[in-house]
Student: 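The structure that follows is given in the form of structure tokens.
When a ligand or atom number is given, it counts from 1 through the structure's own listing order. Hydrogens, waters and symmetry mates play no part in the numbers below; they use all other heavy atoms, side chains included. None of the values given here were measured: they were computed from a predicted structure.
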Amino acid sequence: MTAKIRLYVDHPLGLGQSVPVSREQAHYLFGVMRLGVGAAIKVFNGQDGEWRATVVETAKRGGVLEITDQTAAQKNPPDVWLVFAPVKKARTDFIVEKAVEMGVSRLLPVQTEYTNSGRIQRERLQAHAVEAAEQCGSHFVPQVSEMVRMDRLLTDWETKRSIMFCDESLAGSSPELPSGGKSWAIFIGPEGGFSPRERQRLQTFDVAHAVSLGPRILRADTAAVAALTLWQSRLGDW
Ligand code: SAH
């Protein structure tokens, strides 16, 4: 039987391993997808690669899978963070989902001076990241961090991580990305853009490179996808 369903599990994976099915997963697998004992799915946990698993027990609120064989070795995305200012709910969901599909190692919501939303539902966003990883065939689920303030983030910045600072004031110049550096972070501002103070501060960072995303001003969600496309095609694993 072909294993089309991919499921993220928070459990060690290895040959012959039994993996408990959570209540939500049981609802999805046995309720929605109507899988029964003997059905095969694929599972991953973010670190042990991808494995084939067989359903050995089903219940309304749980069940058990047994790991049969490995279908792929673990593969992680390049070390690129997406630092983004949360926008409206649906657009923030979009940013998280698309970033996982494009390949990022971490998602870091940041509160900038002009950030419209002062709060995020971290767990909801993390669940979106899991779903996106399940759907796009990734073996890795980037962590969605708690929201941090931009000034705090910059004060604590690790000096080896390069910054691709997407600066809307450069719209119109050609997108140029320096080569080199293994660890990166892409910065995307809120709808109101970066404040003059934030722009100035970023410019004082040796590791920061201000980059244009073309002649038009993009919305933050579009900008995140465009920036990741640019980065991945020049420096990433595409
Ligand atoms: N209100 C601002 C636009 C903000 S767009 C203005 O009118 O100028 C939201 C974010 O997307 C920006 O902070 C920037 O990080 C990114 N962005 C959008 N278009 C861009 C472009 N052409 N070049 C570089 N960054 C861009």
Side-chain angles (χ1 to χ4, degrees), residues 77-120 125 128-129 132 142 144-158 161-181 183-236 238:
D79 184 12
V80 58
W81 297 357
L82 182 67
V83 176
F84 66 102
V87 281
K88 283 191 204 106
K89 199 168 154 187
R91 289 183 188 274
T92 304
D93 292 352
F94 179 94
I95 291 174
V96 169
E97 180 181 297
K98 299 310 158 202
V100 174
E101 293 175 22
M102 306 296 285
V104 293
S105 59
R106 185 179 174 196
L107 286 152
L108 222 153
V110 67
Q111 189 167 8
T112 65
E113 282 188 53
Y114 300 161
T115 298
N116 346 37
S117 108
R119 265 200 269 144
I120 53 151
L125 293 180
H128 276 296
V144 181
S145 303
E146 287 296 348
M147 181 134 84
V148 285
R149 290 171 53 104
M150 176 92 158
D151 46 6
R152 180 83 276 200
L153 179 69
L154 293 181
T155 301
D156 295 343
W157 198 254
E158 32 168 323
R161 186 172 294 277
S162 305
I163 294 176
M164 172 176 167
F165 163 39
C166 298
D167 185 354
E168 65 274 15
S169 73
L170 294 179
S173 44
S174 62
E176 276 174 42
L177 247 191
S179 54
S183 309
W184 280 82
I186 297 172
F187 276 59
I188 302 290
E191 274 162 36
F194 288 106
S195 74
R197 226 162 53 103
E198 288 165 342
R199 187 167 288 121
Q200 256 172 20
R201 179 144 189 226
L202 274 167
Q203 277 157 3
T204 66
F205 272 60
D206 282 350
V207 291
H209 309 274
V211 170
S212 154
L213 297 176
R216 289 161 290 271
I217 301 285
L218 310 175
R219 294 189 83 137
D221 49 349
T222 320
V225 178
L228 277 163
T229 308
L230 195 60
W231 189 92
Q232 284 287 15
S233 61
R234 301 267 171 90
L235 302 170
W238 283 23

Student: If I apply the N/O under 3.5 Å rule, does Ser212 come out as touching ligand 1?
Tutor: no
Student: Mark yes or no for whether Glu198, through its side chain, and Met150, through its backbone, hold a donor-acceptor pair below 3.5 Å.
Tutor: no
Student: What's the shortest distance from atom 15 (O) of ligand 1 to any protein heavy atom, and which residue and atom give it?
Tutor: Cys166 O, 2.7 Å
Student: Looking only at distances, please establish whether an N/O atom of ligand 1 is found under 3.5 Å from an N/O atom of Gly214.
Tutor: yes
Student: Suppose we measure from atom 23 (N) of ligand 1 to each protein heavy atom; which comes out shortest, and what is that distance?
Tutor: Leu213 N, 2.8 Å
Student: Under 4.0 angstrom from ligand 1, any heavy atom of Ile217?
Tutor: yes
Student: Of all the non-hydrogen atoms in the protein, which one sits nearest to atom 12 (C) of ligand 1, and at what distance?
Tutor: Glu168 OE1, 3.0 Å
Student: Do any N/O atoms on Ala220 end up under 3.5 angstrom from N/O atoms on ligand 1?
Tutor: no
Student: Quick one: which residue pairs count as a salt bridge (charged side-chain N to carboxylate O under 4.0 Å, His left out) with a foot in residues 98-120, not counting sequence neighbours?
Tutor: Lys98-Glu101, Glu113-Arg197
Student: Using only atom types and a distance under 3.5 Å, with no angle test, would you say the side chain of Ser212 pairs donor to acceptor with the backbone of Ser173?
Tutor: yes
Student: Do you know which two heavy atoms are closest between Gly189 and Ala220, and how far apart they sit?
Tutor: O-CB, 3.6 Å
Student: For Glu176, does the CD atom sit with more than 12 other heavy atoms under 6.0 Å from it, leaving out its own atoms?
Tutor: no
Student: Which ligand 1 atoms, with their elements, are less than 4.0 angstrom from a heavy-atom of Gly192?
Tutor: 1 (N)
Student: Do you know which two heavy atoms are closest between Ile186 and Cys166, and how far apart they sit?
Tutor: CG2-SG, 4.0 Å
Student: Please list the nearest protein heavy atom to atom 22 (N) of ligand 1 with its residue and the distance rounded to 0.1 Å.
Tutor: Arg216 O, 2.9 Å
Student: How about Phe194 and Phe165: are their ring centroids closer than 6.0 Å?
Tutor: yes
Student: Considering non-hydrogen atoms of the protein only, which is the closest contact for atom 4 (C) of ligand 1, and what is the distance?
Tutor: Glu191 O, 3.3 Å
Student: Of the protein's non-hydrogen atoms, which lies at the shortest distance from atom 10 (C) of ligand 1, and what is that distance?
Tutor: Gly189 O, 3.4 Å
Student: Who pairs with Glu168 by salt bridge (Lys or Arg N to Asp or Glu O under 4.0 Å), at least two apart in sequence or on another chain?
Tutor: Arg199
Student: Out of all atoms in ligand 1, which are within 4.0 Å of some heavy atom of Ala171? Include the element for each.
Tutor: 22 (N)
Student: Give me the residue, atom name and distance of the protein heavy atom closest to atom 17 (N) of ligand 1.
Tutor: Ala223 CB, 3.8 Å
Student: Could you check whether any side-chain N or O of Thr92 sits under 3.5 Å from a backbone N or O of Val87, counting only pairs where one atom can act as donor and the other as acceptor?
Tutor: yes
Student: Give a yes or no on whether the backbone of Asp151 and the side-chain of Arg201 come within a donor-acceptor separation of less than 3.5 Å.
Tutor: yes
Student: Run the numbers for me: atoms of ligand 1, each under 4.0 Å from some heavy atom of Asp167, listed by number.
Tutor: 23 (N), 24 (C), 25 (N)
Student: Ignoring angles and geometry beyond distance, decide whether Arg219 reaches within less than 3.5 Å of ligand 1 through its nitrogen or oxygen atoms.
Tutor: no
Student: Among Phe84, Trp157, Trp81, find the residue that satisfies the ring pair (Phe, Tyr, Trp, His ring centres under 6.0 Å) test when tested with Phe187.
Tutor: Trp157
Student: Tell me which protein heavy atom sits closest to atom 18 (C) of ligand 1, plus the residue, atom name and distance to 0.1 Å.
Tutor: Leu218 O, 3.1 Å
Student: Say whether Val211 and ligand 1 are in contact under the criterion: heavy-atom distance to a ligand atom below 4.0 Å.
Tutor: yes
Student: Judged on heavy-atom distance to atom 9 (C) of ligand 1, which of Gly172, Pro190, Ala224 sits nearest?
Tutor: Pro190
